[in-house]
Amino acid sequence: MTILSGPHLWPASRAGATLTVDLAAIADNYRLLCGKVNAAVCAAVVKADAYGLGAEQVAPVLERAGAREFFVAHVDEGIALRKIVSAETRITVLHGPRPDAAAECVYFDLRPVLNSLDQVDLWKREALRQQSPLDAVLQVDSGMSRFGLSRKDVGDLADDPERLGGIRTNLIMSHLACADDPANPANEMQRQRFLEMAAMLPPAPLSLSASSGIFLGSAYHMGLVRPGAALYGIAPNTEAANPLKQVVRLQARVLQLRNVDVGEGVGYGLTYQPEGPRRIATVAVGYADGFSRQNGGTGCAWFGDIRLPIVGRVSMDSLALDVSAVPEALLHADMHVDLIGARRSVDDVAAAAGTIGYEILTSLGGRYYREYTE
């Protein structure tokens, strides 16, 4: 195992916690997903700085694992990514070209997703200005009411094909609203609607599925899939065991140990008041580090095989653990505990906080010492 240092503000010895990102696990997850979709192209979504884990470190690993198609959300994310991956890769910008960024898309070889007729018209004007046809993705709204051309918009394009003049449509895409719920009838409804709308547009490969959609079966794979969260170990649904490798480990430093007796409280509001004497550790991670306040009283950490409940409210820079179960000889200030790790996944942390793994990953803060392993 190779350990690579990541960007950080201070050395590991002074950091409140260490976030370790397993790049080899990301590559393995990508290869597992490729195996599930067979003939479909498996892209890699690295928006939001690779879901908070560092696109500069993650994207080259995915390219070495075989990824040639990358998706980001914003033009500037695409510009940054273009400096990281090779010229042989294609970068697609999900939010499409803004009026003042169309030329940048061309200069940095970014393919925009056209989500509205306004964006179609903008990209056509840019093609005329460049005096050359330009690649694009057309997104249709198959039922999520978020991004994409409406059924009326698609009809307008079908009635006036010249409106797409100068635009090479080399992908048509949509997005599933309920893919994490395999039994939801909305999945099949959207699939059928997507196929109907795509048939009205110029012939091109189709893409409907992101991470969870891949696990709905081959009918949803089509020409290209766009996994994001699955690359980083997030479970595709709750119906089956997670087949993906965990990617992150968060080890937090203990700052102080104290004894708390009956009648005493812990943290803001004194919301935790023990029924008997307890040993409490104050740990250097809080909500400013992306560890939600909702973990207070519901979440936990681990020290080896010992579960350590989070007690009281999570503060901005710290939280409290009940470490009474740890043998006294093993307790000391400056010890580390696992807030995310082998016994507590990102999805577990999300469940305790009443949210989803996506939000946990993308919220992990900038104060951690970051370590990358391959």
Side-chain angles (χ1 to χ4, degrees), residues 3 6 8-10 12-22 25 51-54 229 232-235 242 244-258 266-268 271-272 278-326 330-373:
I3 298 178
H8 30 256
L9 302 176
W10 35 65
S13 60
R14 298 207 302 267
T18 296
L19 179 68
T20 302
V21 180
D22 187 340
Y51 285 55
L53 301 185
Y232 313 112
I234 301 296
N242 187 357
L244 302 158
K245 289 186 176 179
Q246 293 303 298
V247 168
V248 298
R249 182 183 185 186
L250 179 59
Q251 297 168 281
R253 189 184 301 275
V254 171
L255 298 174
Q256 189 171 358
L257 294 161
R258 69 176 66 248
V266 175
Y268 284 114
T271 56
Y272 174 71
R278 311 304 295 168
R279 195 82 158 111
I280 302 296
T282 301
V283 173
V285 167
Y287 59 76
D289 303 295
F291 210 80
S292 169
R293 291 179 78 242
Q294 277 63 45
N295 277 283
T298 59
C300 70
W302 287 83
F303 181 72
D305 296 332
I306 303 173
R307 185 181 184 276
L308 311 174
I310 297 173
V311 295
R313 293 178 181 168
V314 175
S315 301
M316 181 180 290
D317 310 301
S318 64
L319 55 82
L321 299 173
D322 182 348
V323 295
S324 306
V326 179
L330 299 179
L331 288 173
H332 62 89
D334 223 35
M335 64 187 281
H336 284 81
V337 297
D338 281 334
L339 288 170
I340 302 174
R343 290 187 171 275
R344 191 161 182 80
S345 70
V346 171
D347 290 309
D348 293 333
V349 174
T355 184
I356 57 175
Y358 300 62
E359 184 175 5
I360 299 299
L361 277 186
T362 56
S363 298
L364 293 174
R367 296 193 293 187
Y368 301 131
Y369 180 86
R370 291 196 172 211
E371 198 168 75
Y372 292 85
T373 63

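Along the sequence shown, residues are numbered consecutively beginning with 1.
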Salt-bridge criterion met for [X] and [Y] (N-O under 4.0 Å):
{"X": "Arg367", "Y": "Asp317", "answer": "yes"}
{"X": "Arg279", "Y": "Asp322", "answer": "no"}
{"X": "Arg343", "Y": "Asp338", "answer": "no"}

Is there a donor-acceptor pair under 3.5 Å between the side chain of [X] and the backbone N or O of [Y]?
{"X": "Ser318", "Y": "Ala284", "value": "no"}
{"X": "Arg293", "Y": "Tyr287", "value": "no"}
{"X": "Asp347", "Y": "Ala235", "value": "yes"}
{"X": "Asn242", "Y": "Gly233", "value": "yes"}

Evaluate the side chain to side chain contact (heavy atoms under 4.5 Å, CB included) criterion for residues Leu321 and Val337: first the C-alpha distance (whole Å), next the side-chain angles of each, then the deciding distance (0.1 Å), finally the verdict. CA-CA 10 Å; Leu321 299 173; Val337 297; 3.7 Å; yes

Point-to-point distance, once rounded to the nearest 0.5 Å, from [atom1] of [X] to [atom2] of [Y]:
{"X": "Glu371", "Y": "Thr20", "atom1": "CD", "atom2": "OG1", "value": "4.5 Å"}
{"X": "Arg249", "Y": "Thr18", "atom1": "CZ", "atom2": "OG1", "value": "9.5 Å"}
{"X": "Ser324", "Y": "Leu331", "atom1": "OG", "atom2": "CG", "value": "9.0 Å"}
{"X": "Met335", "Y": "Leu257", "atom1": "CE", "atom2": "CG", "value": "7.0 Å"}

Nearest heavy-atom pair of [X] and [Y]: which atoms, and what distance?
{"X": "Asp289", "Y": "Tyr368", "value": "O-OH, 2.7 Å"}
{"X": "Ala15", "Y": "Tyr369", "value": "CB-CB, 3.7 Å"}
{"X": "Gly296", "Y": "Val314", "value": "N-CG2, 3.7 Å"}
{"X": "Ala252", "Y": "Val285", "value": "CB-CG2, 3.7 Å"}
{"X": "Ala25", "Y": "Val247", "value": "CB-CG2, 4.2 Å"}
{"X": "Ala301", "Y": "Leu339", "value": "CB-CD2, 3.7 Å"}

[Y] and [X], any side-chain heavy atoms less than 4.5 Å apart:
{"X": "Ile280", "Y": "Val311", "result": "yes"}
{"X": "Ile234", "Y": "Val346", "result": "yes"}
{"X": "Thr373", "Y": "Val21", "result": "no"}
{"X": "Leu319", "Y": "Asn295", "result": "no"}

Check this for me: Arg307, atom CZ, are more than 12 non-hydrogen atoms of other residues, nucleotides or ligands nearer than 6.0 Å? yes

Thr355 and Glu359: side chain donor to acceptor below 3.5 Å: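 Thr355 vs Glu359: donor-acceptor pair found between side chains.
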
Going by atom types alone, do Ser345 and Asp348 pair a side-chain donor with an acceptor below 3.5 Å? yes

When you look at Gln246 and Asp22, which way does the side chain to side chain contact (heavy atoms under 4.5 Å, CB included) test go after all the steps? CA-CA 8 Å; Gln246 293 303 298; Asp22 187 340; over 6 Å; no

One pair to check against side chain to side chain contact (heavy atoms under 4.5 Å, CB included): Leu53 and Tyr232. What are the steps and the verdict? CA-CA 9 Å; Leu53 301 185; Tyr232 313 112; 3.9 Å; yes

Could you check Tyr272 against Arg278 for side chain to side chain contact (heavy atoms under 4.5 Å, CB included), going step by step and ending with a plain yes or no? CA-CA 11 Å; Tyr272 174 71; Arg278 311 304 295 168; 3.6 Å; yes

